[in-house]
Number of protein chains: 4
Amino acid sequence: MTKSLKEQNASPKKTRRRSQSSHEAILKATVELLEEVGYVRMSIEGIARRAGVGKQTIYRWWSSKAALVMEAYTTVVANKFPLPNTGKVQEDLETIFCPLFKVLNTTTAGVALAGIMTEAQNNPELAQAFRDQFVASRRTTIKKILSSGIKRGELREDMDLECAVDSFYGAMWYRLLLGHAPLDEDFAQILIAQLLQGIQS
Amino acid sequence: MTKSLKEQNASPKKTRRRSQSSHEAILKATVELLEEVGYVRMSIEGIARRAGVGKQTIYRWWSSKAALVMEAYTTVVANKFPLPNTGKVQEDLETIFCPLFKVLNTTTAGVALAGIMTEAQNNPELAQAFRDQFVASRRTTIKKILSSGIKRGELREDMDLECAVDSFYGAMWYRLLLGHAPLDEDFAQILIAQLLQGIQS
Amino acid sequence: MTKSLKEQNASPKKTRRRSQSSHEAILKATVELLEEVGYVRMSIEGIARRAGVGKQTIYRWWSSKAALVMEAYTTVVANKFPLPNTGKVQEDLETIFCPLFKVLNTTTAGVALAGIMTEAQNNPELAQAFRDQFVASRRTTIKKILSSGIKRGELREDMDLECAVDSFYGAMWYRLLLGHAPLDEDFAQILIAQLLQGIQS
Amino acid sequence: MTKSLKEQNASPKKTRRRSQSSHEAILKATVELLEEVGYVRMSIEGIARRAGVGKQTIYRWWSSKAALVMEAYTTVVANKFPLPNTGKVQEDLETIFCPLFKVLNTTTAGVALAGIMTEAQNNPELAQAFRDQFVASRRTTIKKILSSGIKRGELREDMDLECAVDSFYGAMWYRLLLGHAPLDEDFAQILIAQLLQGIQS
DNA sequence: AACTAACCGAGACGGTACGTCTCGTCTTCGC
DNA sequence: GCGAAGACGAGACGTACCGTCTCGGTTAGTT
């Protein structure tokens with residue numbers, strides 16, 4: 001995600017273009033530092049130093065630390081979990097959430113996402129971008145699965161889709177941010193089962 | 001929440017004690033600034049300035065900005081919602097969550113909680129304190145309600161209590177932090193109904 | 001006197017250079033504050049505030065408050081009193097010391113020098129710099145005058161040059177620092193006369 | 001030197017008097033810390049800590065760090081060098097200055113004196129006390145020796161006493177504070193000889 | 001082949017806030 | 001009522017980064 005969505009410069013400019021090597025060095029340094037020191041301890045100055053790059057080169061292309069992190073992780077996390085949506089609802093959901101929880105649990109992706117959410121609390125522009133570019137597509141995936149389930153008659157017609165999606169992702173974020181209990185595959189299965197069946201006897 | 005739990009000095013110490021007026025002025029300034037500028041823009045220096053207090057007096061009694069905010073809001077939010085737990089499960093849950101969502105939605109309490117969660121991402125000590133002193137008691141309340149429901153035969157015996165609690169509070173935090181949809185009383189009711197009944201047809 | 005003597009970078013560096021206006025504003029603020037509040041009451045923060053400059057800009061170029069004061073006064077006091085050394089010893093010495101005492105007496109130069117000497121007591125690096133860059137050249141001037149006097153036969157061959165110089169400057173510093181008696185031109189004349197002739201009958 | 005000269009309470013009050021042991025512990029801690037960390041690095045807080053005494057107990061009886069140091073050293077240095085004044089001027093002066101230079105050179109007395117002089121630059125009250133209670137008596141001693149010399153015909157009648165004293169003590173302080181050359185007994189002898197005879201051929 | 005932007009690294013700049021330190025005063029309690 | 005203990009308001013310390021702003025130097029496309 002670069003500085004602006006309006007970057008699609010209608011007129012393909014004539015002069016020197018963005019340095020590919022700097023771009024990569026910056027993203028690499030970002031990922032490394034995120035692992036090493038965590039989100040808030042990671043500074044733009046530190047990234048520039050590590051990447052062997054001028055600060056301005058970072059500010060030129062990204063609007064904030066979080067935008068940087070978002071670019072670094074968006075593609076990685078994004079396209080790893082393609083849409084199944086072909087079998088039963090429960091299986092489809094497990095196909096999505098089990099590996100997702102595992103990745104958040106065992107890599108720095110969790111810290112990165114938590115960092116973005118953190119910064120979004122005080123950066124409305126980033127919050128918007130995060131919702132639009134990252135969260136929305138993942139929510140849509142779940143909604144499609146649930147919608148298919150409704151069509152197939154597996155799920156109630158009167159259910160609240162948004163609320164259901166919030167239940168899944170809410171529980172995930174809650175454990176990710178609060179850390180009071182493990183965010184593992186077992187949890188994914190129980191969560192899915194329990195929401196599908198309800199807890200009423 | 002002061003710096004240590006051991007403050008209940010069984011031996012009433014001999015020297016000058018904590019200044020009551022400073023203590024109050026600091027908490028007051030904290031609440032005011034939180035409303036005015038938000039969590040991250042609020043600085044310890046600013047609080048000290050506003051409270052007419054030396055910085056050291058803040059550092060002496062609180063370990064971080066978040067600890068300060070936590071003390072300022074813990075009591076306020078905490079004891080406003082006493083345990084109902086006398087009727088049906090659904091009613092009890094609504095008695096808890098409807099006013100809670102409303103408060104988070106319409107006052108600065110939501111921003112404050114989000115700030116604490118934010119800082120907890122990089123302050124393990126605070127994270128622990130937040131879980132132990134704030135989150136735990138609220139989770140316990142819900143667990144009691146659900147347990148009573150199980151005893152009364154309203155809820156399944158084989159349900160996962162922790163997972164159920166995560167579903168409720170997870171959805172709440174998710175909307176609080178991400179802000180993609182309103183955290184209102186309607187949402188509380190739908191969330192409760194849907195989790196109780198499940199979404200399966 | 002900037003942070004290093006090696007600043008005469010034979011290779012004219014490439015990046016943004018030191019801001020001339022900031023440099024001047026800092027020296028100006030230093031001199032002003034020295035007059036207004038005295039050496040120890042003068043703080044780096046205060047200088048930065050007065051000069052409209054970031055603290056880091058001061059720390060970048062000077063290692064201490066004293067180094068700052070030294071730069072501010074070195075040139076001023078230094079080159080005002082060129083070497084006479086052409087007539088009789090007594091006249092030459094008076095040409096040096098009379099205006100020097102007057103300046104120390106009637107301007108803030110005295111306070112500044114006292115401040116440097118003060119800080120030098122606890123800053124060996126500064127003490128060295130002060131001796132090398134400030135004191136030494138003034139002592140050398142006097143030694144040249146006295147040496148010429150010896151060659152011309154005006155002064156004894158067996159005199160101790162160092163000790164003689166200490167007698168002149170020692171008396172000056174003593175009155176400057178202790179303030180028990182005026183450091184004026186009369187004193188300069190008596191001091192010179194008395195040391196030249198001795199006090200023995 | 002205690003806080004006030006008016007402390008000689010004509011009416012020996014009935015209530016608790018100054019604690020002798022605290023008084024001594026404070027002076028002892030002062031001397032120790034002066035040796036260990038030097039004048040400016042020594043703080044009132046540190047002295048109180050070392051002496052096992054409340055800060056207020058120090059502030060009650062001394063007006064500043066320098067006043068403390070002055071009391072600690074005044075008696076020590078003061079009465080060690082009794083007035084000779086019985087032989088020839090040169091011998092008398094050497095009897096005074098040789099051991100004095102040696103003490104300043106080889107003990108912490110030099111650092112202590114330098115510290116007092118340092119603080120006096122920014123504490124007029126202390127400066128006055130230092131001149132009156134410490135410097136004056138030492139100057140008087142020298143003046144008496146010189147006066148005797150004049151009476152005996154050893155020294156010129158038209159000499160400037162003040163200026164002569166400044167020459168001796170000035171050179172001493174100059175070497176003590178600047179440290180450009182040793183302040184030893186050889187220097188004392190040369191200084192005395194040279195000032196007595198003059199440097200003119 | 002020369003021109004000419006834009007981009008690059010480097011890092012100085014005015015600032016804010018950090019968390020620590022010490023100051024000199026104020027308050028409490030025990031002896 | 002003195003003295004230890006230490007909390008208090010104050011404010012400077014030196015550091016870390018912020019985001020902006022020059023600097024030359026280095027690339028690419030045009031021309």
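Below, chain A is the first sequence line, B the second, and so on; all start at residue 1.
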Is any side-chain nitrogen or oxygen of C:Arg60 closer than 4.0 Å to OP1 or OP2 of E:dC13?
->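 Result: yes.
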Beyond-backbone contact of [X] with [Y], side-chain heavy atoms, under 4.5 angstrom:
X	Y	value
D:Trp61	D:Leu68	no
A:Leu113	A:Phe134	yes
B:Glu36	B:Arg50	yes
A:Glu119	B:Thr118	no
B:Tyr73	B:Leu34	yes

Take the C1' atoms of the five end pairs on each side of the helix from E:dA1-F:dT31 to E:dC31-F:dG1, derive the two axes, and give their angle rounded to 10 degrees.
-> 10°
Rounded to the nearest Å, what distance is computed from the [atom1] atom of residue [X] to the [atom2] atom of nucleotide [N]?
X	N	atom1	atom2	value
A:Gln20	F:dA28	CD	C1'	15 Å
B:Ile58	F:dG9	CD1	P	9 Å
D:Trp62	F:dG3	CH2	P	10 Å
A:Ile47	E:dG11	CD1	P	18 Å
B:Arg18	F:dA5	CZ	C1'	18 Å

Salt bridge (charged side-chain N to carboxylate O under 4.0 Å, His left out) with C:Lys55: which residues, sequence neighbours excluded?
->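 C:Glu45.
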What's the closest nucleotide to the side chain of [X] if the choices are [options]?
X	options	answer
A:Trp61	E:dC7, F:dG24, F:dG9	E:dC7
B:Ser22	E:dG14, F:dG9, E:dT28	F:dG9
C:Thr57	E:dG14, E:dC8, F:dA7	E:dG14

Is it true that a side-chain atom of C:Ser43 and a backbone atom of C:Gly46 form a donor plus acceptor pair closer than 3.5 Å?
->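 Looks like yes, one N/O pair under 3.5 Å.
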For the side chain of B:Lys65 and the backbone of B:Met42, is there at least one donor-acceptor N/O pair under 3.5 Å apart?
-> yes
Could you go through the salt bridge (charged side-chain N to carboxylate O under 4.0 Å, His left out) check for A:Glu24 and A:Lys28 one step at a time?
-> CA-CA 6 Å; A:Glu24 283 163 7; A:Lys28 183 162 170 290; over 6 Å; no
Could you write nucleotides 17-23 of chain E as a row of B, S and -, 5' to 3', where a protein heavy atom under 4.0 Å of any base atom gives B, of only sugar-phosphate atoms gives S, and otherwise -?
-> BBBBBSB
